[in-house]
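What follows is a single structure, written as structure tokens, with notes after it.
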Amino acid sequence: MRIVVMGTGPFAVPTCKQLLADGHELTLVVTRPLVDPQAKKIPPRPVSDWAMQSGLKIFEPASINTRDTIDCLASCQADLFFVCDYGQILKRECLAVSRLGGINLHGSILPRHRGAAPVQWTLLCGDKEAGVTVIHMTPRLDAGPALAVERTPILAEETAEDLEPRLANLGVAATQRAIDLLSNWNGSSPLGELQDQSLVTKAPRFAKADGQLNFRLPAEQLVRQVRAYQPWPGTFAELMWPEGKSMRVLIKAARSIDAQIEQLQHAAPGTAIAFDTRAMRETLDRSLDWTSPWQQVIAVATSDGTFLISRIQPAGKREMPTEEFLRGHPLTSAAKFGLPMGSN
């Protein structure tokens, strides 16, 4: 099959490699152009790097839907467009120049989490399973009928950085099944399973400011944020000591327990203490794995439950276990994490 690949980020790469290995003719690789080629730090472009290494023709239009771009795509005489982690929506006129239209590999179980950040929203919403969906594309965002779905349980303490490559690899088999369906399609009969519009949820991109933790939220929700926001936008808070010292810290790993520990009873949200988990293994949540190496943590009062910080990164410094951080920055009395302005 003659296929035009459209992708930019890492999620597309495993499937792109497999399409080439399966013997499909990849006539063109379309990827987003560099925003600033003169920038000191060039952002990674995994699909472009793979295409160059594979000797494939690369096309970097500023817009996929201009007349010149559509004419270029039409000249490829493609049977199919494969779109994944690309970053632009193809209009109907663009899709029409491919014999079978386009398929899109999306990082969620649609119609849940339509949008640019499906993996992060899967974790943020506390879903029990994650997955990928291959849809037959329409001009509406992530709205086409589903041709193939793959599911996987979410692992304990899995972050978006961990989950995304797992889902990218799941997408390989799902895309292969979708292409098999299309290769036998007569073009007129319904294909795939229509999405239930009543189940649609949105998964928009995050901004850097979204990473500020608000300890007025439940501890479990804060842990979801820590897991969902790695590597971007990350989670952070301002730690303030009673003597007036303050420091911005990145929260790299955390757990929650349902109860407010005795030392934080009636404490205001954001109140933080050094806490040795070894002293209370019998009374803390039994679901936690206390055989793990961290013992000394920062315990923080929240609106519901206790937030336990196990790995931390002072601004401008390296990431470290909280136990190591506390040796250099002891909390001899209760400290305080700042709350976002305007939070209730």
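In this chain, residues are counted from 1 in sequence order. Keep in mind that the numbers below use all heavy atoms, side chains included, and drop hydrogens, waters and symmetry copies.
- How far CG of Leu80 is from NE2 of His24: 9.0 Å, rounded to the nearest 0.5 Å.
- Note that CD of Glu319 is 9.0 Å distant from CG of Leu250, once rounded to the nearest 0.5 Å.
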Practice prompt. Go through Leu213 and Val300 one step at a time and tell me if the side-chain contact (heavy atoms from CB on, under 4.5 Å) criterion holds.
Written response: CA-CA 11 Å; Leu213 293 179; Val300 190; over 6 Å; no
Discussion item. Working note: Met1 + Leu100, criterion side-chain contact (heavy atoms from CB on, under 4.5 Å); need CA distance, chi angles, decisive distance, verdict.
Written reply: CA-CA 11 Å; Met1 190 175 287; Leu100 297 171; 4.1 Å; yes
Worksheet item: side-chain contact (heavy atoms from CB on, under 4.5 Å) between Thr8 and Thr31: does it pass, once the steps are laid out?
Response: CA-CA 5 Å; Thr8 304; Thr31 190; 3.4 Å; yes
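- Using a 4.5 Å cut-off on side-chain heavy atoms (C-beta onward), Ile58 and Arg45 make no contact.
- For the pair Leu56 and Val5, the minimum side-chain heavy-atom distance is 4.5 Å or more.
- A donor and an acceptor atom, one from each side chain of Thr152 and Arg166, are located under 3.5 Å apart.
- Hydrophobic clustering of Ile, Leu, Val, Met, Phe, Trp and Tyr side chains at less than 4.5 Å, counting indirect connections, keeps Ile3 apart from Leu73.
- The heavy-atom pair separating Gly102 from Leu95 by the smallest distance is N-CD2, 4.0 Å.
- Taking CZ from Arg224 and OG1 from Thr235, the interatomic distance works out to 15.0 Å, rounded to the nearest 0.5 Å.
- Partners of Gln197 under the side chain to side chain contact (heavy atoms under 4.5 Å, CB included) rule, at least two apart in sequence or in another chain, are Arg114, Arg140, Gln195, Val200.
- By the criterion of side-chain heavy atoms lying less than 4.5 angstrom apart, applied directly or through intervening Ile, Leu, Val, Met, Phe, Trp or Tyr residues, Tyr86 is grouped together with Val4 in one hydrophobic cluster.
- Judged by distance alone, with hydrogens and angles left aside, the side-chain atoms of Thr133 form no donor-acceptor pair with the main-chain N or O of Val149 at under 3.5 Å.
- Here the closest non-hydrogen pair linking Asn65 and Lys91 is OD1-N, 2.9 Å.
- At a threshold of 4.5 Å between non-hydrogen side-chain atoms, the residues Val249 and Phe337 count as touching.
- Between the side chain of Arg255 and the backbone N or O of Ser310 there is no donor-acceptor pair closer than 3.5 Å.
- Counted within 6.0 Å of CD on Glu193, heavy atoms from surrounding residues, nucleotides or ligands total 12 or fewer; the atom is thus considered open.
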Discussion item. Show, in sequence, the C-alpha distance, side-chain angles and deciding distance for Tyr229 and Leu124, and conclude whether the side-chain contact (heavy atoms from CB on, under 4.5 Å) test is met.
Written reply: CA-CA 8 Å; Tyr229 291 177; Leu124 191 61; 3.8 Å; yes
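- Of the possible donor and acceptor atoms, none in the side chain of Thr27 sits under 3.5 Å from a partner among the backbone N and O of Arg2.
- Side-chain contact check for Trp232 versus Gln120: every heavy-atom pair is 4.5 Å or farther apart.
- Put simply, the side chain of Pro145 does not reach to within 4.5 Å of the side chain of Leu191, judged on heavy atoms.
- A donor-acceptor contact shorter than 3.5 Å links the side chain of Thr306 to the backbone of Ala259.
- Put simply, the side chain of Val97 reaches to within 4.5 Å of the side chain of Phe81, judged on heavy atoms.
- With rounding to the nearest 0.5 angstrom, the CG atom of Leu20 is 5.5 Å from the OG atom of Ser54.
- Linking Ile, Leu, Val, Met, Phe, Trp and Tyr whenever their side-chain heavy atoms come within less than 4.5 Å puts Ile103 and Leu170 in one cluster.
- The main-chain N or O of Glu158 is found under 3.5 Å from a side-chain atom of Arg227 such that the two form a donor-acceptor pair.
- For the pair Leu264/Phe275, no side-chain contact is recorded, criterion being any heavy-atom separation below 4.5 Å from C-beta on.
- Ser75 pairs by the side chain to side chain contact (heavy atoms under 4.5 Å, CB included) definition with nothing, not counting sequence neighbours.
- Closest non-hydrogen pair, Ala274 versus Leu326, comes out as CB-CD1, 4.0 Å.
- Closest approach of Thr271 and Ala268 over heavy atoms only: OG1-O, 2.7 Å.
- The closest donor-acceptor contact from the side chain of Asp210 to the backbone of Ala207 lies under 3.5 Å.
- The environment of Lys245 atom NZ is dense: over 12 non-hydrogen atoms of other residues, nucleotides or ligands sit within 6.0 angstrom.
- Of the possible polar contacts, none joining the Trp121 side chain to the Lys202 backbone as a donor-acceptor pair under 3.5 Å is found.
- With respect to Asp79 and Arg99, a salt bridge is recorded, a charged nitrogen being found less than 4.0 Å from a carboxylate O.
- Closest of all the heavy-atom pairs between Val226 and Ala254 is CG1-N, 4.3 Å.
- Taking CD1 of Ile251 as the reference point, atom CD of Gln212 lies at 11.0 Å (rounded to 0.5 Å).
- Thr15 places none of its side-chain heavy atoms less than 4.5 Å from the side chain of Cys84.
- Under a 3.5 Å cut-off, the side chain of Lys17 and the backbone N or O of Ala12 do not form any donor-acceptor pair.
- A donor atom on one side chain and an acceptor atom on the other are found under 3.5 Å apart for Asp162 and Thr159.
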Worksheet entry | salt bridge (Lys or Arg N to Asp or Glu O under 4.0 Å) evaluation trace for Asp71 with Arg67 | CA-CA 6 Å; Asp71 288 344; Arg67 184 70 262 164; 3.0 Å; yes
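- Val132 and Ile135 end up in different hydrophobic clusters when Ile, Leu, Val, Met, Phe, Trp and Tyr side chains are linked at under 4.5 Å.
- Of the N and O atoms on the side chains of Ser198 and Asp196, at least one donor lies less than 3.5 Å from an acceptor on the other residue.
- Of the possible donor and acceptor atoms, one in the side chain of Gln313 sits under 3.5 Å from a partner among the backbone N and O of Lys317.
- Note: Phe307 CZ to Phe215 CZ = 5.5 Å, rounded to the nearest 0.5 Å.
- No continuous path of ILVMFWY side-chain contacts below 4.5 Å connects Met137 to Ile179, so the two sit in separate hydrophobic clusters.
- The shortest non-hydrogen separation linking Met247 to Trp241 is CB-CZ3, 4.0 Å.
- Put simply, the side chain of Gln260 gets close to the backbone of Thr302: a donor and an acceptor are under 3.5 Å apart.
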